[in-house]
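For reference, positions follow the sequence shown, starting with 1. Side chains are part of it too, since the values below use all heavy atoms of this structure and drop only hydrogens, waters and symmetry mates. None of the values given here were measured: they were computed from a predicted structure.
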Amino acid sequence: MGDARSSEVPLAVLQKRPASTAASPAPAPPPAAHGSDAGQQEKLAQNTASAASTAPTMGEFSTEYRGLPGSNGDDVKGVASSPASASTSVRKVSIVPLIFLIFYEVSGGPFGVEDSVGAAGPLLAIAGFLVLPVIWSIPEALITAELGTMFPENGGYVVWVASALGPYWGFQQGWMKWLSGVIDNALYPVLFLDYLKSAVPALGGGPPRAFAVLGLTAVLTLLNFRGLTVVGWVAICLGVFSVLPFFVMGLISLPKLRPARWLAVDLKNVDWNLYLNTLFWNLNYWDSISTLSGEVENPGKTLPKALFYAVVFVVVGYLYPLLAGTGAVPLDRSQWTDGYFSDLAKLLGGAWLMWWVQAAAALSNMGMFVAEMSSDSYQLLGMAERGMLPSFFARRSRYGTPLVGILFSASGVVLLSSMSFQEIVAAENFLYCFGMVLEFVAFVLLRVRRPDAPRPYRVPLGTAGCVAMLVPPTALIVVVLALSTLKVAMVSLGAVAVGLVLQPMLRLVEKKGWLRFDVNSELPDIGVGHAPAAAAAEDEAPAP
């Protein structure tokens, strides 16, 4: 993530910007709303006055999250103090656990990259893990660093899209990304059991496998219930254990390396669909960490640095074992499928290294599960805090975790765990691509419409440069979608259609007063007002 201009700084360094180029009048406090008492409104007014009195003058710098300049809360109704406010007393996530959470959101280790060699050979596989991070991973991480520090709250990319395109499209973003994440998470209990079934054949299918999926999901869900601090340190321990066997395997392979083997390629025999899907699946989801921004300690500094280190960690974690495996052993592309690294470990180091790699692979799936579930559940909490979902989604456990969001995400994992590996990967990639298009549009629109909004980190490019940066990843999205099968496309488009209908249905539920929808009063204005229909109807009624 290098510099584009000499006056800018790289992603690893926090770049403070003027909070505003001109003094602006303090936003007026929102009027009394349905369901809010006078004491709550007085508190809001005091908070607004306090923010205005401490606002920096021109030339000063600020990383405090105050909302967007020029917006106000006049149209925000149904404001309530959400249980999410309890998060202020919950221990925040520091940079080291955050790096490993990002690592598990995106990668979890080199498990699953073997298909890239089987599909295209060593040269294209190695080139893919060098080039695609530049085309996709770095732009996505840069966008996450800028918008994640601009909106450091648990809604993450939902809030970005809502601020730029309105609450309707913000909800669609949340629906597609949550569904994509849950589909992705359904992989990990299945893969975990696949690594164990050679030792325990009963786990290959039938009731024992079904009960094992339920039990494993329950145990990992409990880890998420206990809090992000627990999840973060679990991710660190699992990450170190998962990476170490490949480091050892690389050292053992050094005397056997033949660099000429890295150049093997047969362009007439390339499975482009498998090749691109494998690369894409292993190098995306950098934005998932944004839904945990509200739980991060000093997100303005911590999030950009963590993303920078995680990008380096992930790319090296893929290339190191690829270079070792393809350079030390004669090529047989038919052998390069999921799980082949354990066979390579046995060839290079013996049975002890093979068992270590298999154990690392199994535990890596656990790390990816808990990291993905954290992102999915906190996203639902963030949407509830913005009034997009019923307020019960904003409830937290005594550990500060989103209780309802965790239960919903775990239920989705159990329901989808019967899908095949290929169907899961293809479906999640399809939905993920749609969500990324909305993020790209939101990123550019916020640069154009809100150029003076406080951005603790700013991508070191102008608006035109940012648009140019997004051209290659957008082209990649088009290719991935074009290569999808008709079945995957129809199922995914059907899921998108559900979201298009679900949002108006929730607004109807709100209008009828069947469920309560609230906006967390502690969150600043993002230029999008959410007026619960019941409150709006009451306000529009003629005075007696």
Side-chain angles (χ1 to χ4, degrees), residues 82-84 87 90 93 98 101-102 104-106 140 143-144 147-148 150-163 167-186 221 224-225 227-228 231 284-296 299 303 368-397 400-413 416 428 431-432 434-436 438-439 442 495-496 498-499 502-503 506 517 519-520 523 526 528 530:
S82 166
S87 64
V90 177
V93 180
L98 189 63
L101 283 173
I102 298 171
Y104 273 118
E105 292 277 9
V106 176
E140 186 182 4
I143 291 172
T144 303
L147 296 183
M150 185 178 175
F151 301 101
E153 58 180 273
N154 292 329
Y157 37 67
V158 177
V159 179
W160 310 346
V161 174
S163 181
Y168 180 82
W169 290 108
F171 180 89
Q172 303 310 317
Q173 173 76 350
W175 166 249
M176 288 186 289
K177 285 298 191 110
W178 180 79
L179 189 58
S180 173
V182 171
I183 292 173
D184 178 65
N185 226 14
T221 300
N224 282 93
F225 174 72
L228 273 181
V231 170
N284 59 18
Y285 279 86
W286 297 96
D287 60 339
S288 293
I289 201 65
S290 68
T291 63
L292 306 177
S293 295
E295 312 300 311
V296 174
L303 185 59
M368 289 187 282
F369 184 99
V370 295
E372 182 63 51
M373 178 169 281
S374 295
S375 175
D376 296 339
S377 57
Y378 276 97
Q379 178 198 317
L380 296 181
L381 181 146
M383 292 177 71
E385 290 180 344
R386 285 293 178 184
M388 296 182 186
L389 291 176
S391 58
F392 61 77
F393 278 98
R395 294 175 184 169
R396 293 186 183 241
S397 69
T401 50
L403 178 60
V404 178
I406 288 173
L407 293 177
F408 262 73
S409 298
S411 300
V413 168
L416 294 169
E428 71 163 286
L431 291 169
Y432 184 80
F434 278 131
M436 288 309 303
L438 289 178
E439 282 185 32
V496 171
V498 170
L502 183 59
Q503 199 270 353
L506 286 174
F517 291 73
V519 177
N520 183 4
L523 294 175
I526 59 170
V528 175
H530 173 76

Restricting to side chain to side chain donor-acceptor pair (under 3.5 Å), what partner residues turn up for [X], sequence neighbours left out?
{"X": "S375", "answer": "T291"}
{"X": "S409", "answer": "W178"}
{"X": "S377", "answer": "none"}
{"X": "D287", "answer": "K177, Y432"}

Are the side chain of [X] and the backbone of [Y] linked by a donor-acceptor contact shorter than 3.5 Å?
{"X": "N154", "Y": "G294", "result": "yes"}
{"X": "E295", "Y": "V93", "result": "no"}
{"X": "E140", "Y": "W286", "result": "yes"}
{"X": "S180", "Y": "M176", "result": "no"}
{"X": "Q172", "Y": "G499", "result": "yes"}
{"X": "W175", "Y": "A495", "result": "yes"}

Exercise for review: Can you measure from OG (S397) to CZ (F225) and round to the nearest 0.5 angstrom?
Suggested key: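 Those atoms lie 4.5 Å apart.
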### Interatomic spacing from CZ in F369 to OG1 in T221 - rounded to 0.5 Å
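If I round to the nearest 0.5 Å, the distance is 4.5 Å.
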| For V161, side chain to side chain contact (heavy atoms under 4.5 Å, CB included) partners two or more places apart |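 Result, side chain to side chain contact (heavy atoms under 4.5 Å, CB included) vs V161: L165, W169, Q173, L438, A442.
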Point to revise | Which residues share a ring-ring contact (aromatic ring centres under 6.0 Å, His included) with F393, sequence neighbours left out | key: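 Counting only residues at least two positions away or on another chain, F393 forms a ring-ring contact (aromatic ring centres under 6.0 Å, His included) with F408.
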